[in-house]
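Data block below; observations after.
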Amino acid sequence: MKIFNSYTNKLEEFKSIHKGVVNMYVCGPTVYNYIHIGNARPVIFFDTVRRYLEHREYKVNFVSNFTDVDDKIITKALELEVTEKEVTDKFIAAFLKDVERVNSSTDYTKPRVTNYMDHIINYIVILVKKGYAYVVEGDVYFRVTNVENYGGLSNRNIDDLISGSRVEVNDKKENPLDFTLWKKTDVGIKFDSPWGKGRPGWHTECVAMIDDIFGEKIDIHGGGSGLMFPHHENEIAQSMVLNNHTLAKYWMHNGLLNIGGSKMSKSEGEVVLVKDLTVDANAFRLFTLSTHYRSPITYTDEALDVYVKEWEKISRIYSALFLKLDLEDSLVGNSKINPDLLATYKELLTAMDNDFNTANAITALQNLTKISNQMIRNKTENSVLLSALKLFENFFEILGLKLKKQPLSIDDKNTYKLWLKARTDKDFAKADIYRDTLQEKGII
RNA sequence: GGUCCCGUAGCCAAGUGGCUAAGGCAAUGGACUGCAACUCCGUGAUCAGCGGUUCAAAUCCGCUCGGGACCUCCA
């Protein structure tokens with residue numbers, strides 16, 4: 001299995017630090033608003049990564065944080081005249097609902113910044129003590145120039161960054177690139193610290209959480225490519241000072257989702273919220289996974305419609321297989337795989353093994369769909385159809401697609417048989433009535 | 001101003017040095033079918049442009065054009 005490591009910019013053979021276990025961390029949301037479908041991309045993608053690793057029989061320890069201390073949260077709380085906690089509780093609940101809405105697992109460890117304040121402050125104290133951070137009037141800044149290889153992840157060098165014309169002007173900083181570890185605040189929620197009341201900067205929480213939860217370098221650190229600089233760069237810098245390692249063995253970054261020619265962003269432009277999605281979650285998932293995760297995706301209604309149809313096609317054949325086997329009491333029993341079916345499974349593994357090439361995995365699923373349609377048409381024996389059905393379930397499990405069928409009741413089976421009989425007897429009036437009944441129940 | 005990414009058929013998209021450039025949607029011809037739906041079979045591109053490296057390039061290098069990201073909170 002190969003993973004493209006953003007840290008080395010290379011496709012590398014994946015080898016977990018501990019045999020059979022993968023420790024992974026994905027940067028989670030700042031909870032001050034509903035998430036949009038661009039935010040859903042890393043949710044879906046890293047959920048798929050997890051599913052595949054589990055399919056490959058790794059025990060995956062999946063952690064993703066909630067940033068529940070932030071200026072935007074404070075602003076929102078003031079605006080709504082509620083406490084910060086009320087804001088974050090509301091949007092954490094909303095986030096988890098959206099995660100479920102896109103068929104992703106919510107069964108993971110979810111640390112919050114407010115529960116990590118002691119750890120964070122403790123880290124900042126150490127950074128100051130070691131000379132990598134400095135205190136100015138109640139603020140604490142990280143001294144970027146002291147870290148060797150700063151910019152290694154995003155392939156930037158300090159000189160290029162400084163020459164950039166958009167670097168923020170802040171007289172308190174020794175260097176414009178230095179980032180805030182602790183910020184003295186007057187407005188909103190604040191916490192006690194050795195430097196006075198304030199709140200932590202954004203970049204320390206992930207390091208503190210990873211260190212506390214895993215206690216060592218982890219296997220995979222994921223997030224959107226927008227986080228690579230400066231967030232992940234800053235995480236690495238702090239981790240190097242604190243623990244002398246780069247925090248994660250493999251860094252993975254997903255590309256952004258664009259709409260109307262530019263990226264979807266909460267602060268500007270057009271946004272589609274996950275909670276407002278009207279299409280089937282499976283279709284949305286297929287859409288998201290149909291482009292390689294490192295490439296940008298452009299959202300359009302038309303593109304999404306293609307996958308609505310695609311999912312209908314896939315669910316139709318799955319249902320047809322299930323129905324046929326059910327009617328012939330062949331849902332349990334021996335299954336027999338044939339070379340064509342086996343080839344699609346191998347295609348799936350090959351695709352996913354190659355840096356989670358979900359686009360090709362979906363192609364494999366489409367091939368399975370076509371083959372299954374051919375087999376039903378060719379009256380292939382049930383044991384083979386059963387293995388096709390089971391293979392679909394493997395695909396669904398890995399890609400996070402949800403489709404559950406229940407065996408028919410005796411009555412429904414009878415109706416189905418009556419329909420077939422009426423057709424054989426060319427009693428089409430009666431046949432149409434049975435067909436309507438079956439269609440109403442969603443059986444055919 | 002600096003750094004970086006991308007440009008494959010009408011649309012989406014895989015492929016990043018070597019057989020006839022995957023797959024899907026749309027279109028179109030055919031088959032199946034009581035009707036409809038579904039489904040199956042067939043049909044399309046030399047890879048933005050130009051130049052170079054190589055026995056061999058969509059894939060590497062250079063330039064040009066076009067689109068985008070980052071350098072500020074952002075998945």
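To find a chain, count down the sequence lines: A is the first, B the second, and so on, and within it residues start at 1.
- When each of A:Asn155 and A:Lys426 is assigned the nucleotide of RNA chain B bearing its nearest heavy atom, the one mapping closer to the 5' terminus is A:Asn155.
- Between A:His232 and A:His203, the gap from one ring centroid to the other reaches at least 6.0 Å.
- Across all strands shown, A:Gly222 has no heavy atoms under 4.0 Å from either base or sugar-phosphate atoms.
- Taking atom NE2 of residue A:His253 and atom P of nucleotide B:A69, one finds them 18 Å apart after rounding to whole Å.
- Atom NZ of A:Lys184 has 12 or fewer heavy atoms from other residues, nucleotides or ligands within 6.0 Å.
- Atom C1' of nucleotide B:C38 and atom CZ of A:Arg435 are separated by 11 Å, given to the nearest angstrom.
- Atoms NE2 (A:His292) and C1' (B:C12) sit 17 Å apart, rounded to a whole Å.
- Aromatic rings of A:Phe66 and A:Phe95 (six-membered ring for Trp) have centroids within the 6.0 Å cut-off, being under it.
- Atom CG of A:Leu323 is separated from atom P of B:A37 by 20 Å (rounded to the nearest Å).
- Contacts of A:Ala303 with the nucleic acid, taken as non-hydrogen atoms under 4.0 Å apart, are absent.
- In this entry the distance linking CG of A:Asp70 with P of B:C74 reads 8 Å, nearest Å.
- Contacts of A:Gly223 with the nucleic acid, taken as non-hydrogen atoms under 4.0 Å apart, involve only primed sugar atoms and P, OP1 or OP2.
- Looking at the side chain of A:Lys309, the nearest of the listed nucleotides B:C25, B:A22, B:C70 is B:C25.
- In this structure, A:Arg316 atom CZ and B:A37 atom C1' are separated by 8 Å, rounded to whole Å.
- Base pairing of B:G62 is made with B:C50, judged by Watson-Crick or G-U wobble geometry with both donor-acceptor distances under 3.5 Å.
- A:Tyr108 and A:Asn61 share no side-chain donor-acceptor pair at under 3.5 Å.
- At a threshold of 4.0 angstrom between heavy atoms, the contacts of A:Leu257 include nucleobase atoms, whether or not backbone atoms are also involved.
- Looking at heavy-atom distances under 4.0 Å, A:Leu227 makes contact with sugar-phosphate atoms alone, never a base.
- A:Phe179 has its ring centre no less than 6.0 Å from the ring centre of A:Tyr141.
- With distances taken from any side-chain atom of A:Thr291 to the nucleotides B:A75, B:C71, B:A13, the minimum falls on B:A13.
- What separates CG of A:Leu289 from P of B:G24 is a distance of 18 Å, to the nearest Å.
- To the nearest whole angstrom, the two C1' atoms, one in B:U54 and one in B:G42, are 39 Å apart.
- When the C1' atom is used for both B:A21 and B:A58, the distance is 8 Å, rounded to whole Å.
- The nucleotide B:A14 finds no pairing partner, because no Watson-Crick or G-U wobble arrangement with both distances shorter than 3.5 Å includes it.
- When the nearest nucleotides of RNA chain B are assigned to A:Pro42 and A:Ile297 by heavy-atom distance, the more 5′-ward of the two goes with A:Ile297.
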A:Asp355/A:Arg294 under salt bridge (Lys or Arg N to Asp or Glu O under 4.0 Å): CA gap, chis, key distance, verdict: CA-CA 10 Å; A:Asp355 193 29; A:Arg294 283 188 277 118; 2.7 Å; yes

When you compare the protein's N or O atoms with those of nucleotides 40-43 of chain B, which come within less than 3.5 Å of each other, and at what distance?
unit_1	atom_1	unit_2	atom_2	d
B:C40	O4'	A:Arg377	NE	3.4
B:C40	O3'	A:Gln374	NE2	3.3
B:C41	OP1	A:Gln374	NE2	2.6

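- With P as the reference atom, B:A26 and B:G18 are 32 Å apart, rounded to whole Å.
- Of the candidate nucleotides B:A22, B:A69, B:C73, B:C73 has the atom lying nearest to any side-chain atom of A:Lys72.
- Base pairing analysis places B:U43 opposite B:A27; the two distances defining the Watson-Crick or G-U wobble pair are each below 3.5 Å.
- Checked by atom type and distance alone, the side chain of A:Arg285 pairs as donor or acceptor with a backbone atom of A:Leu399 at under 3.5 Å.
- Ring geometry for A:Trp202 versus A:His231: interplanar angle under 30°, hence parallel rather than tilted (30 to 60°).
- Here, B:C55 and B:A48 have their C1' atoms 28 Å apart, quoted to the whole Å.
- Taking 4.0 angstrom as the limit, A:Asn367 places none of its side-chain polar atoms (N or O) nearer than this to OP1 or OP2 of B:G24.
- Comparing B:G34, B:C71, B:A14 by their nearest atom to the side chain of A:Arg156 picks out B:C71.
- A straight line from CG of A:Asn254 to P of B:C74 spans 14 Å, rounded to a whole angstrom.
- Between the side chain of A:Asp432 and the base of B:G34, a donor-acceptor pair under 3.5 Å is found.
- Taking the six-membered ring for Trp and the full ring otherwise, the centers of A:Phe14 and A:Tyr250 sit less than 6.0 Å from each other.
- In this entry B:C19 has no Watson-Crick or G-U wobble partner, no candidate having both defining distances under 3.5 Å.
- Remark: the separation of the C1' atoms in B:A69 and B:A75 is 13 Å, to the nearest Å.
- The nucleotide whose nearest atom lies closest to any side-chain atom of A:Phe229 is, among B:A22, B:A75, B:C71, B:C71.
- Counting only heavy atoms from C-beta on, A:Glu310 has its side chain closest to B:G24 among B:G34, B:A75, B:G24.
- For B:G29 and B:C19, the P atoms lie 35 Å apart once the distance is rounded to whole Å.
- For A:Trp311 and A:Phe396, the gap between ring centers is short of 6.0 Å.
- Taking atom C1' on both nucleotides, B:C60 is separated from B:U53 by 8 Å, rounded to a whole Å.
- For the C1' atoms, the distance from B:C35 to B:G44 is 33 Å, rounded to whole Å.
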